[in-house]
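The basis for the numbers below is simple: all heavy atoms, side chains too, and nothing from hydrogens, waters or symmetry mates.
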Amino acid sequence: MHARFAPVRDCFHDLFTAGRETGAALSVWHDGTPGLELVGGSRAAVPPGAVTPAVGAGRPWLPDTLVDVYSVGKPVVACCLLLLVDRGRVDLDAPVSAYWPGFRAPATVRQVLDHTAGLPAFPVPRPAEAVTDWELLCADLAAAEPEWVPGTVAGEHAWTYGHLVGELVRRVDGRSVGRFLAEEIAGPWRLDLAFGLGPPDRRRCADLSYGDPGWPDRTRGEPGSLRARALDNPPGGRDVAVVNGDAWRAAEIPAVNLHATASGLARF
């Protein structure tokens, strides 16, 4: 460990001593070299109000423990598309429809990448199980009218970002974005991160739990609002019973379900 990171190490351990954290990993690179690698606690879920798991306390968080890092996956899926830009296969200022026939919104590739495309919510209400149906959700986006004129407003495309960017990758390259990530980035660079996990990798995942169980309700926004539609269609993305399940971990939902180790992300 680099000496300058000793206070960071102490703070990390204090989080567990004080009961503010139940399981975590931290990786820091400095000047191109690893400066700090820490793991602590359990990868089992913790019930609301508790500081230790009800079951599975003997499952320690290990250096190879994978965890759903939610929106940290957005720059990773963006990198997949930017590789195709770098190779001359995609033009940032071309309309999305040049690569995705039938895409209705007059948005450019650049606008998709920078959250100004005007499609921050899936337009058709879908049940929770639709989260695994890539073709259905992409078809909904292709047929949608934008919420604003593309390029005029920036607003986080919380769920839709991964499908918009990932489908562009698939349309241009032919591979799903999960396979593209594995074969073009994660595999060659030996990075422990993925969209869509197979059974062996699902077995080394940490279960998520909320320190504040009321957080999903407080952050939802008014019923029917754009914020609520963006965060809760399809429902389940902030429900630990869903995100700790095999179906979620096996699916490719690039905006919100990258699974990674801390060291894999730090090296990325």
Side-chain angles (χ1 to χ4, degrees), residues 70-71 73-82 84-85 89-178 180 195 216-239 242 248 251-258:
Y70 276 97
S71 285
K74 288 181 171 71
V76 177
V77 69
C79 185
C80 293
L81 182 55
L82 289 170
L84 296 175
V85 172
R89 300 183 64 189
V90 176
D91 179 352
L92 283 172
D93 293 310
V96 172
S97 59
Y99 308 102
W100 186 344
F103 190 87
R104 185 174 185 177
T108 66
V109 174
R110 187 187 302 273
Q111 289 162 350
V112 163
L113 283 165
D114 68 12
H115 295 266
T116 65
L119 297 168
F122 291 109
V124 181
R126 297 295 185 186
E129 54 267 24
V131 74
T132 63
D133 193 332
W134 180 271
E135 291 187 2
L136 174 67
L137 294 179
C138 286
D140 286 348
L141 288 172
E145 287 282 357
E147 301 280 349
W148 58 78
V149 176
T152 63
V153 174
E156 185 188 9
H157 288 47
W159 272 71
T160 60
Y161 189 83
H163 286 73
L164 291 166
V165 176
E167 181 65 2
L168 277 167
V169 171
R170 191 186 74 83
R171 294 273 175 163
V172 172
D173 180 79
R175 288 174 286 182
S176 75
V177 71
F180 186 94
F195 298 123
D217 289 331
R218 283 204 317 277
T219 58
R220 178 173 292 112
E222 293 298 320
S225 67
L226 180 57
R227 181 184 181 89
R229 289 188 286 122
L231 293 177
D232 286 335
N233 180 37
R238 294 175 300 154
D239 180 347
V242 174
W248 177 273
E252 295 183 16
I253 317 166
V256 289
N257 90 332
L258 180 75

**Prompt:** With a 4.5 Å limit on heavy-atom distance, are the side chains of L231 and P216 in contact?
**Reply:** no
**Request:** Taking all non-hydrogen atoms of both residues into account, name the closest pair between G162 and A255 and its distance.
**Result:** N-CB, 3.4 Å
**Prompt:** Quick one: does P95's side chain get under 4.5 Å of F103's, heavy atoms only?
**Reply:** no
**Item:** Heavy-atom pair with the smallest gap, counting every atom of A105 and P146
**Value:** CB-CD, 4.0 Å
**Request:** Taking all heavy atoms of A158 and all of K74, pick out the closest pair and write down the distance.
**Result:** O-NZ, 2.9 Å
**Sub-4.5 Å side-chain heavy-atom contact between L258 and F195** = yes
**Request:** Starting at CG of L141, measure out to CH2 of W159 and round the result to the nearest 0.5 Å.
**Result:** 12.5 Å
**Message:** Can you classify the ring geometry of F122 versus H163 as parallel (below 30°), tilted (30 to 60°) or perpendicular (above 60°)?
**Reply:** perpendicular
**Asked** Under 30°, 30 to 60°, or over 60°: which ring-plane class applies to H115 and H157, parallel, tilted or perpendicular?
**Response** perpendicular
**Request:** Check each of Y99, W134, W100 against E167 using the side chain to side chain donor-acceptor pair (under 3.5 Å) test, and report the only one that passes.
**Result:** W134
**salt_bridge(E252, R170) N-O dist < 4.0 Å** = no
**Prompt:** Judged by atom type as modelled, is there a donor-acceptor pair below 3.5 Å linking the side chain of Y161 to the main-chain atoms of L113?
**Reply:** yes
**Message:** Tell me whether W148 contacts the main-chain N or O of T116 through its side chain, where contact means a donor paired with an acceptor under 3.5 Å.
**Reply:** yes
**Asked** What are the two closest non-hydrogen atoms of A228 and E222, and how far apart are they?
**Response** CB-O, 3.4 Å
**Message:** Quick one: does any side-chain atom of R175 pair with a main-chain N or O of V169 as donor and acceptor, under 3.5 Å?
**Reply:** no
**Item:** Validation row: L84, F180 side chains within 4.5 angstrom (heavy atoms)
**Value:** yes
**Prompt:** Does some side-chain heavy atom of V109 sit less than 4.5 Å from a side-chain heavy atom of D91?
**Reply:** no
**Asked** Do you know which two heavy atoms are closest between L119 and T160, and how far apart they sit?
**Response** O-OG1, 2.6 Å
**Message:** I'd like to check V96 versus V112 (side-chain heavy atoms, cut-off strictly below 4.5 Å). Are they in contact?
**Reply:** yes
**Asked** Do N233 side-chain atoms and A121 backbone N/O form a donor-acceptor pair below 3.5 Å?
**Response** no
**Asked** Is the shortest side-chain N to carboxylate O distance from D140 to R126 below 4.0 Å?
**Response** yes
**Message:** Can you give me the closest heavy-atom contact between P150 and A117, atom names plus distance?
**Reply:** CG-O, 3.5 Å
**Close side-chain approach of P120 to L226, heavy-atom, < 4.5 Å** = yes
**Request:** Ignoring hydrogens and angles, tell me if any N or O in the side chain of D232 forms a donor-acceptor pair with the backbone of R220 under 3.5 Å.
**Result:** no
